[in-house]
Amino acid sequence: MLTIHYFASVREAVERSEEQLELPENVANIGDLIEHLLLLHPHFETVFQDDRKILIAVNQTVVDKSQALDPGDEIAFFPPMTGG
Amino acid sequence: MLTIHYFASVREAVERSEEQLELPENVANIGDLIEHLLLLHPHFETVFQDDRKILIAVNQTVVDKSQALDPGDEIAFFPPMTGG
Amino acid sequence: MISIQREDFSLEQEYQKLRTEAGDVGAIVTFTGIVRELYGGTGDKRGAAKTDTLYLEHYPGMTETSLANIVGAAQKKWPLLAVRVIHRVGELKPQEQIVFVGTASGHRQDAFDAAQYIMDFLKSRAPFWKKQSSGKDSHWVDARVSDAEALARWQDS
Amino acid sequence: MISIQREDFSLEQEYQKLRTEAGDVGAIVTFTGIVRELYGGTGDKRGAAKTDTLYLEHYPGMTETSLANIVGAAQKKWPLLAVRVIHRVGELKPQEQIVFVGTASGHRQDAFDAAQYIMDFLKSRAPFWKKQSSGKDSHWVDARVSDAEALARWQDS
């Protein structure tokens, strides 16, 4: 089971803060997972179309789309950070 | 009348914190004044022999030996600053 | 050493803790970030807008880990005697304190450099997001180009 | 804005004064210098010696003028909303506060740069001198090469 978190403007655009799903067989990495999510939820396209506006973390570390996935991974999608 | 202040290690070496003297006729600038002071007080040589160890201020602004002097000037001799 | 909290903090208390923890300290630098009423202006495409509320969201867990990594990296680069980082989350009003970084060292340059380094990385690498509300309008604050540039200078060193 | 005094100071009070004076401030940086017990060590030819007392002498009149010039130059270089400088004189013990610089600005980089600039110039351009007493020995502290180097970096900018 993958746990996926969404934060800030990404959370608002996808209209959820979290979801869980079984790691699909054809999903090997983050790029694949995004394709899968876009099939499940077409409205995700508004935020996932511009790579510069979305950051990805796997197990709380920022990664790129080539990052491989394992069952049990904690994934998060969020915009560039603006703390401080 | 010139007022001359001495601070810190320079004050201790010359064994005074202040003195006043009439601007001598042959003293046009700080270099001349130092020559004059060395004649008056031979023991000043210990601090005035090394230019890097002594700073000069005229009217509270750091200057070099070529600085011209006027009657009424406030002169100070001190080592490099070590505040903060 | 690192706190993520809704509550306000006291500079004085944090300073005294740094002094105590640091022992024979020579230099303490503190940075306090405060919510401005006129956000934006120079360097922000939106221009200035009066802030009524600033909402701070974060990623619990990753926030603490990323700040610990940033502080750990600073401790490797400079001989620090104590470090303290506080970031507030939730709803804040203009002129409220939002972030604190305090560094203690033997010499001033190390304390200054470490405080700036931590702030630069906190701004762009710790998972916090600001939403600004001005009257009826509210929007997520854009990342600043100047913050990305601030990170770049640490690449060489 | 500039104080030369024998008495100790309160970081909290100075910070609150800066906040009030600065108005719609975004960033406050404070630097506090503290008398170390083990003075010297790295970069100091004497090596470490335990300080019993540090005596601070200054040039009344010139001190205030030179600090005002340093602060004025910083205000020209960066958009500062408030600045505070305090330097203590007379006899100080280890772990006592000796110097304070506080800067308030809209953005953190300006506040950090101005605080460092003021400290760098204060160290080498304001007429203060330190005499360290360790047991029966006492000597005037030598100017540090690193402090002269710290000034040099501001020449380019």
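Proteins get letters first, then strands, A, B, ... in listed order; numbering begins at 1 in each.
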Could you list each N or O donor-acceptor pair linking chain D to chain B at a distance under 3.5 Å?
from	atom 1	to	atom 2	distance (Å)
D:Glu57	OE1	B:Arg11	NE	3.4
D:Glu57	OE1	B:Arg11	NH2	2.5
D:Glu57	OE2	B:Ala8	N	2.8
D:Glu57	OE2	B:Arg11	NE	3.1
D:Tyr59	OH	B:Glu74	OE2	2.5
D:Met62	N	B:Gln60	OE1	3.2
D:His87	NE2	B:Gly84	N	2.9
D:Phe128	O	B:Thr82	N	2.8
D:Trp129	NE1	B:Pro79	O	2.8
D:Lys130	N	B:Thr82	OG1	3.0
D:Lys130	NZ	B:Thr82	O	3.1
D:Lys130	NZ	B:Gly83	O	3.4
D:Lys130	NZ	B:Gly84	O	2.8
D:Lys131	NZ	B:Glu12	OE1	3.3
D:Lys131	NZ	B:Glu12	OE2	2.4
D:Trp140	NE1	B:Glu12	OE1	2.9
D:Trp140	NE1	B:Glu12	OE2	3.4

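Contact tally against chain D (heavy-atom pairs below 4.5 Å) for B:Ala76, B:Ala57, B:Pro79: the top residue is B:Pro79.
For the ring-ring contact (aromatic ring centres under 6.0 Å, His included) test, residues two or more places apart in sequence or in another chain that qualify with D:Phe9 are D:Phe100.
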